[in-house]
Amino acid sequence: MAVKTIAGVQVNVSDDGYLEDMDQWNEDIAKEIASGLGIELTDEHFKVLNYLREKTKEGASLSIRSVGKSGIVDVKGLYKLFPKGPLKFSSKIAGIPKPTSCI
Amino acid sequence: MKKLLILGAGTAGTMMLNKLYNELEREEWEITIVDQFKTHYYQPGFLFIPFGIYSKQDVIKPKYDFFPPGANVIFSPIDKIVGEENKVYLEGGKVLNYDFLIIATGTQTRPGETEGLKDKLWYKDIFDFYTVEGAMALHQRFKDFEGGDLVMCIPEVPYKCPVAPLEFVFLADAYFTGKGIRDKVNIKFVTLMSGVFTKPVATKVLGGIMEEKNIEVISDFYLSHIDNENKKIFSYDEREVSFDILTIVPVNMGSEMVARSGMGDDMNFVKTDKYTLQSEQFENIFVIGDAANFPTSKAGSVAHFAGEILFENILSAMEGRPLQAKFDGHANCYIETGFGKGALIDFNYDTEPLPGTFPLPGIGPFGLLKNTKMNHYGKVMFRWIYWHILLKGKELPIEADMSMAGKKRV
Ligand SMILES: Cc1cc2nc3c(=O)[nH]c(=O)nc-3n(C[C@H](O)[C@H](O)[C@H](O)COP(=O)(O)OP(=O)(O)OC[C@H]3O[C@@H](n4cnc5c(N)ncnc54)[C@H](O)[C@@H]3O)c2cc1C
């Protein structure tokens, strides 16, 4: 665990750069993490980010399939918004823990 | 009489029936088990059918052979559980009451979840080996296969026996080498994961075996659809892989019964406390085996280890005592690597598979994350152990909790 300054705020992040405490998140932090991944956030992105945060608060485990069935965005759309890392990048930007595909 | 009801008579349900039947007072408890089918399948054996190592006869037995003589058995599809009323509805409307319930309905394949899977080429050039029908159809197809692209695809997690697709490509390598056409068969391993396994140390070792055997690994490939005309699979980020034979692990989901009961996550796996194995919603319902949503492998070995915990906890609950046994997610999987060798991994919720020896430190006889002949015998023995010890609910000389003894941190 390390402390990092993102968008002027000190936050705790994991070894691979995920926020440790989702309550330290704000939209500016999201924008800065996103630009580091080459993504410029739009309203469409924020709809997904907010959905991911809500679900995480409820304790749900997230998968690409479940987000694709959420009605917010389909799987193709999710790939368009977060190329190369539909769930990993979106989770990182949403300030939630790294998704575990558990096997 | 108090009533214990077990839903599902596969690996886990049958095992729990035998354990509890021997323990509970006959005058006090009536035990009933329900399943839709009369045949028990040794699912780990499906892997060997395409290569002609096992036949159908080697993997099926009547379920009745494994039930204790006095248990009530009902063969019927289960419609739903109404937890608030302690009732289970069977298809056709029959109602069963219970004081305690164990859910062991496993996971099933859902080829319909993938566009183009159950289409023109299904069981002609596209197969699964997660059902006996699929495995037998693939065996026929392999007989006259003269070469081309053989693709193994993992489209979704979780799925049962996470190492089975790895074993499949290793065995295919050996099989086509034996037929003298290995140089004409391109074996490709396509997975939505970032490597061949989820945990780093095992991924490195198993990835190394892939390279040694000249099997191409295509990772981060999230399957969108299958083009039957042009024999290609496509990912959502618009990459494509062509195939002559496609073998796939169809999307795995829990029983629809779980969804109808309002007890599942979005893949119909029952929401379960990963330590106590109790349902998150109802105190008198416990869950075991592939049906549960806890974050460890869906495997028979896991059901076996979890069984010891469930046994203790359900007895505590029946006597109104606190649940003290805690499941650590222990999994232990033999991995066939072909040519009479095998590897072995042993892990739990917190500790990834590590190298070393098992079960005795420094001695073995099995080598963890090593490719040895002895590990292959472990897998061969597993079928005997499965029919004679595991299903009967007898003890194995391995602790339910994972042990660090003999393991090396790397
Ligand atoms: C190809 C393959 C290879 C494998 N290799 C290994 C291995 O090497 N080692 C290992 O440990 N594990 C292995 N496994 C996994 C292992 O077989 C499973 O994890 C194990 O069988 C799970 O047991 P279970 O009781 O939870 O589910 P199952 O044994 O699948 O039983 C579920 C039962 O519930 C019944 N059921 C479900 N829904 C309903 C309903 N609505 N109404 C009535 N009945 C219902 C089903 O008919 C079934 O009998 C392998 C699996 C496969 C497919």
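Summarising the local packing, NZ of A/Lys88 is surrounded by 12 or fewer heavy atoms from other residues, nucleotides or ligands at distances under 6.0 Å. The environment of NZ in B/Lys274 is crowded: more than 12 heavy-atom neighbours from other residues, nucleotides or ligands sit within 6.0 Å.
Note that the CG atom of B/Leu192 and the CG atom of A/Leu87 stand 10.5 Å from one another [nearest 0.5 Å].
Residues from residues 38-55 of chain A never place a non-hydrogen atom less than 4.5 Å from a non-hydrogen atom of chain B.
The salt bridge (Lys or Arg N to Asp or Glu O under 4.0 Å) pairs that include a residue from residues 189-198 of chain B number zero, where partners must be two or more places apart or lie in different chains. Sorted by first and then second residue, the side-chain hydrogen bond (donor to acceptor under 3.5 Å, both in side chains) pairs involving residues 65-84 of chain A (not counting sequence neighbours) are A/Ser63-A/Ser66, A/Arg65-B/Glu113, A/Arg65-B/Glu156, A/Ser66-B/Asp266, A/Lys69-B/Glu113.
In this structure, chain A has no heavy atom under 4.5 Å from any part of B/Val163. Both the backbone and the side chain of A/Ile64 have a heavy atom closer than 4.5 Å to some heavy atom of chain B.
Scanning for salt bridge (Lys or Arg N to Asp or Glu O under 4.0 Å) contacts around B/Asp290 gives an empty result, with sequence neighbours left out.
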